[in-house]
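Report on one structure; see the data block that follows.
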Amino acid sequence: MNFVEELRWRGMLHDIMPGTEDLLNKGMIAGYIGFDPTADSLHIGHLTQIMTLIHYQRAGHKPVILVGGATGMVGDPSGKSAERNLLSEEILQNNVSCIEKQFSKFLDFNSGTNSAEMVNNYDWFKNFSFLDFIRDVGKHITVNYMMAKDSVKKRIEGETGMSFTEFTYQLVQGYDFYYLWKEKNCQIQMGGSDQWGNIVTGTELVRRKGGGTAFAITTQLIKKADGTKFGKTESGAVWLDPAKTSPYKFYQFWLNTSDEDAKSWIRIFTLQSQIEIESIEKVHDAAPHLRVLQKALAQEITVRTHSEAALELALKTSDFLFGNGSLEFLQSLSGAEVMDMFDGVPKFNISKNELSAEVNIADLLVDKTQIFPSKGEARKMITGGGISINKQKISDPLYSVSSNDLINGSYLVVQKGKKNYFLIIAQ
RNA sequence: GGGGGGAUUCCAGAGCGGUCAAAUGGGACGGACUGUAAAUCCGUUACUUCGGUUUCGAAGGUUCGAAUCCUUCUCCCCCCA
């Protein structure tokens, strides 16, 4: 199965320039995708493009990652209704190096001729003077052509307008394509469907300035069945950096996908074959409550993005927090493992002296910690059966806690409802 | 400038001078159910040392008693100029 067929059956293909498939069938072709360093980590919104590059490399082609140290300074207007805030140069450079590190997990940078390669357009733009640019690049593209682009038209017709800087963006990105085509024989640019306009400006530049041909492939933007935006949770974006989104939360994000989304996402975000996926779906349909699909999806992505060990911990944590969490399991964990498991959970410190005598449960939850804003509320919640300490439901508002309740002599696990955990650490 | 209407607890929106910590709906949070889903059902939704204490735009006043009546102020909306 060739690269294009692969994208097609997985439902990833959005648009492809005529002739692209023939070109790819002729042999190894270098192709690239650009990533703007708008943050110091990639997030799951980038995952489609990462998967595209993985398939590209698996099909025997050479994937090139372009990190937009220069384009990031301009700001892509595609899909944006208002002018972007510009990032400072230091922040951008820091973002670039963070992102570069993340790619090493996904692609093979040491596989001979089709090794992945990473480039930064800042390298060829930093010494490119404005005058040279408008003479050598700007000359080839008409403003009429640029204005016809959707990303530009919308902004011009809209009320917000568009700065010259952002208007220039497609030319800058277009030049990247020309540069890579000329210097690295990179003949294909890929990207999300919103990038079509920018990519085509590049192929146009290759034709007019270089007299050559270049090709474009775009992928489907990920949609959720319920219409909400993909990749966002209440707590913000889902990052690939474990320091920004813990592997446990990462795993949970995928596990919580709806049945409908899971069926399309397992094709996009995992490398399972068509036969494997269809058999998983069969099992899933027979017993949807087991969520075999979501589990397969979550497992594979978590391992690829983080590691087997991270998945193990995520699984254990999930099992404890949602399944049959037991006191014994907690007691079996080391201090470090506990901290890992409750990563992101609010923590409160309390001195051991305070617990040497008995402390009323409401005092503990309100005065000693800030789990509840008032004692009345804490008592109501306790009476309503919404509070557990160390997995034991507390229903008496007069219940007292003492140092005997500490797990391994050092902490208490408080639950408000089923899902809200708090860790009280005695020091 | 003239005339009219309004300001209520997270939001919307009821509220005869006493029985109003304030209807109802939404939201939020808990519980049951469940697939860590959806729907549904139930409960809670000012503080409290459970004796009480502070709330209804702000400040005064009338009254045994005021979210409800009076005065002044602040802000919002509508209509006519």
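Below, all heavy atoms of this structure are taken into account, side chains as well, without hydrogens, waters or symmetry copies. In what follows, chains carry the letters A, B, and so on, assigned in the order in which the sequence lines appear, proteins first and then strands, with residues in each chain numbered from 1.
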Problem - Phosphate OP1/OP2 of B/rG31: any A/K419 side-chain N/O under 4.0 Å - result: no
Problem - Distance, P atom - from B/rU68 to B/rG60, rounded to whole angstrom - result: 14 Å
Problem - Minimum-distance nucleotide (side-chain atoms of A/Q294 versus B/rG35, B/rA37, B/rC47) - result: B/rG35
Practice task
Report yes if a side-chain nitrogen or oxygen of A/K375 is closer than 4.0 Å to either non-bridging phosphate oxygen (OP1 or OP2) of B/rC47; otherwise report no.
Solution key: no
Problem - Euclidean distance, atom CZ of residue A/F250 to atom C1' of B/rU36 [Å, nearest integer] - result: 18 Å
Problem - Pairing partner (Watson-Crick or G-U wobble, both distances under 3.5 angstrom) of B/rA58 - result: B/rU72
Problem - Pair A/K375 + A/D363, salt bridge at N-O below 4.0 Å - result: yes
Handout entry: C1'-based separation of B/rU55 from B/rU9 [nearest Å]
Key = 8 Å
Exercise for the section: For A/E377 and for A/Q252, find the nucleotide of RNA chain B with the closest heavy atom, then tell me which residue's nucleotide is more 5'. Expected result: A/Q252
Handout entry: Gap between atoms CD1 and C1', on A/I382 and B/rG30 respectively (whole Å)
Key = 12 Å
Completion exercise
Atom CZ of A/R379 and atom C1' of B/rU49 are separated, to the nearest Å, by 9 Å
Exercise for the section: Nearest whole angstrom, please: distance from the P of B/rC29 to the NZ of A/K416. Expected result: 8 Å
Handout entry: Pairing partner (Watson-Crick or G-U wobble, both distances under 3.5 angstrom) of B/rG65
Key = none
Practice task
Please measure how far the C1' atom in B/rU45 lies from the corresponding atom in B/rG51, and state the result in whole Å.
Solution key: 24 Å
Fill in the blank from the handout: B/rG1 -> Watson-Crick or G-U wobble partner, both distances under 3.5 Å, gives B/rC80
Completion exercise
A/D259 atom CG is separated from B/rA37 atom P, nearest whole Å, by 12 Å
Handout entry: Residue met sooner reading RNA chain B from 5', once A/G385 and A/P373 are mapped to nucleotides
Key = A/G385
Problem - Parallel, tilted or perpendicular: rings of A/Y421 and A/F342 (30°, 60°) - result: tilted
Handout entry: A/S374, nearest nucleotide to its side chain (from B/rG31, B/rU48, B/rU45)
Key = B/rU48
Problem - Separation of the C1' atoms in B/rU8 and B/rA22, to the nearest angstrom - result: 9 Å
Practice task
Describe, in one word, how the ring planes of A/W254 and A/F250 are oriented to each other, choosing from parallel (under 30°), tilted (30 to 60°) and perpendicular (over 60°).
Solution key: perpendicular
Exercise for the section: For A/N420, report the nucleic acid contact type (base, sugar-phosphate, nothing); a contact means any heavy atom under 4.0 Å. Expected result: sugar-phosphate
Problem - Side-chain H-bond candidate by donor/acceptor type, A/S163 with A/E166, under 3.5 Å - result: no
Fill in the blank from the handout: A/N256 atom CG is separated from B/rU34 atom P, nearest whole Å, by 19 Å
Fill in the blank from the handout: Taken to the nearest whole Å, CZ/A/R291 to P/B/rU34 is 15 Å
Practice task
Using a heavy-atom cut-off of under 4.0 Å over every strand shown, decide if A/I387 touches base, sugar-phosphate, or nothing.
Solution key: nothing
Practice task
Tell me whether the guanidinium CZ or amine NZ of A/K347 lies under 6.0 angstrom from the six-membered ring centre of A/Y411 and within 45° of its axis.
Solution key: no
Exercise for the section: Anything under 30° is parallel, anything over 60° is perpendicular, the rest tilted; go ahead and classify A/W265 against A/F269. Expected result: perpendicular
Practice task
Write down the partner of B/rG43 under the Watson-Crick or G-U wobble criteria, each distance required to be under 3.5 Å.
Solution key: B/rC29
Handout entry: Any A/K380 side-chain N or O less than 4.0 Å from OP1/OP2 of B/rG43
Key = no
Practice task
Grab the CG-P distance between A/D261 and B/rA38 for me, whole Å please.
Solution key: 14 Å
Handout entry: Interatomic distance at P, B/rU19 relative to B/rC69, whole Å
Key = 16 Å
Practice task
With P as the reference atom in both, quote the distance from B/rA7 to B/rU54 in angstrom, rounded to an integer.
Solution key: 25 Å
